[in-house]
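Below, each value reflects all heavy atoms present in this structure, side chains not excepted, and no hydrogens, waters or symmetry copies. Note that ligands are numbered from 1 as they come in the structure, with each ligand's atoms numbered from 1 the same way.
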Amino acid sequence: MLTEIDKMGAYEAFECIILELKMITLITFPPTFGEPSASSFCTKAMYLLNMAGVEWQRHDTNDPRKWPKAKLPAITVDGRTIGDSNRIRVYLETLGVDLEPGLSDLDKSTAVSIIRMAEEHMYFHVVMDRWGNDDVWPIVRDVYFKDIPKLPRLIITKGLRKQLMKGMHAQGLGRWTPQERMERLEPDLQAITQRLWHGPYLFGAVPSAADASVAPVLASMRSTPKPTALRRRIEDDKVLSGYIDRVATALG
Ligand SMILES: N[C@@H](CCC(=O)N[C@@H](CS)C(=O)NCC(=O)O)C(=O)O
């Protein structure tokens, strides 16, 4: 026979389990090079969760293999797993959160293109600057893959790097010289800067989902652990650097 105190204890334990299930857990790559995560997509997810004002906790891992599409970020919530930063955004929006406050329909359509520009073009410049640069790669390798002991790390990452560079060659950017890449990226940076002349965030006075995508990619460019041309381009730019820091303060 349960006493009232036993019942209270059982009820509290039950409540804890329910809370744990309801609590959003973000599966993310750990903080790296002074950024909240090695992945700008993981930082984006953190910014969106903060913007949404929901309670969440982080679970850091360097191994994405068992998560959807073998990529991070992902969240677990209500016994479900949701992978991909954009699906995380959709999930948050189903909770009734507005991640584009005050944006007109026209702004929202522009935001789609800006987000794609950051995630499907600018992001690959970071990949090339880190994985494709012989000066940077050894540092990146030893930080990203620190969980693998040194000798197997050298062997495993050699294969991974080769595979990734093959992908970059197929994508196209892997065929461009560092200088050609800088020329190709410049219009994207100019487009972002142009918008920032009009307000502190991409769509005016308050941050929105586009800032959660764009600022982490710029921050990754700036935090590469060697002063590459790409890193210098961003860190020497007061508008872009100020913007990265402003978004981190508002959404981090
Ligand atoms: N479209 C995905 C992209 C996520 C992504 O590319 N994540 C990378 C890290 S930046 C990853 O997990 N890579 C692991 C791998 O390819 O093995 C999103 O928006 O979440």
Side-chain angles (χ1 to χ4, degrees), residues 24-52 56 58-77 80-93 99 111-133 136-137 139-141 143-148 152-153 155-171 173-174 208-225 230 251:
I24 299 172
T25 301
L26 175 70
I27 321 301
T28 169
F29 288 110
T32 308
F33 307 139
E35 294 304 317
S37 172
S39 158
S40 51
F41 294 99
C42 293
T43 303
K44 167 192 169 184
M46 290 174 206
Y47 286 180
L48 291 176
L49 288 161
N50 289 340
M51 207 188 295
W56 63 279
R58 64 185 286 165
H59 172 80
D60 290 357
T61 177
N62 276 313
D63 187 355
R65 283 174 298 182
K66 68 174 181 160
W67 299 99
K69 319 277 183 216
K71 281 186 180 266
L72 291 176
I75 56 170
T76 57
V77 59
R80 283 196 295 152
T81 299
I82 301 166
D84 193 287
S85 65
N86 210 49
R87 285 188 171 162
I88 294 170
R89 171 181 170 174
V90 170
Y91 165 74
L92 291 171
E93 287 172 336
L99 297 168
V112 172
S113 340
I114 292 178
I115 290 169
R116 290 277 183 248
M117 174 179 85
E119 298 182 1
E120 309 294 343
H121 181 239
M122 293 167 63
Y123 164 74
F124 289 109
H125 286 264
V126 180
V127 173
M128 286 307 300
D129 211 38
R130 293 188 174 184
W131 290 69
N133 181 327
V136 179
W137 166 244
I139 307 173
V140 165
R141 176 196 62 208
V143 171
Y144 285 6
F145 299 96
K146 62 177 183 298
D147 297 343
I148 308 175
R153 185 194 308 155
I155 300 161
I156 292 168
T157 57
K158 196 172 173 199
L160 284 176
R161 187 187 190 202
K162 201 170 161 195
Q163 204 183 329
L164 186 59
M165 284 303 111
K166 218 170 136 188
M168 289 309 304
H169 187 82
Q171 190 264 2
L173 210 56
S208 64
D211 298 294
S213 285
V214 170
V217 177
L218 292 170
S220 294
M221 291 173 173
R222 192 179 65 170
S223 64
T224 289
L230 178 58
L251 302 181

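Not less than 6.0 angstrom separates the ring centroid of Y144 from the ring centroid of F29.
The protein residues lying under 4.0 angstrom from ligand 1, judged by non-hydrogen atoms, are F29, S39, F41, P64, A70, K71, L72, P73, D84, S85, Y123.
The CD1 atom of I27 lies 9.0 Å from the CD1 atom of I75; values are rounded to the nearest 0.5 Å. To the nearest 0.5 Å, atoms OG (S37) and CZ (R58) are separated by 6.5 Å.
The environment of R161 atom CZ is dense: over 12 non-hydrogen atoms of other residues, nucleotides or ligands sit within 6.0 angstrom.
The two residues R153 and R141 make their nearest non-hydrogen contact at CD-O, 4.1 Å.
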Name each donor-acceptor pair under 3.5 Å that joins a side chain in residues 65-72 to protein atoms two or more places apart or in another chain, with its distance.
from, atom 1, to, atom 2, distance (Å)
R65, NE, D63, OD1, 2.9
R65, NE, D63, OD2, 3.4
R65, NH2, D63, OD2, 2.8

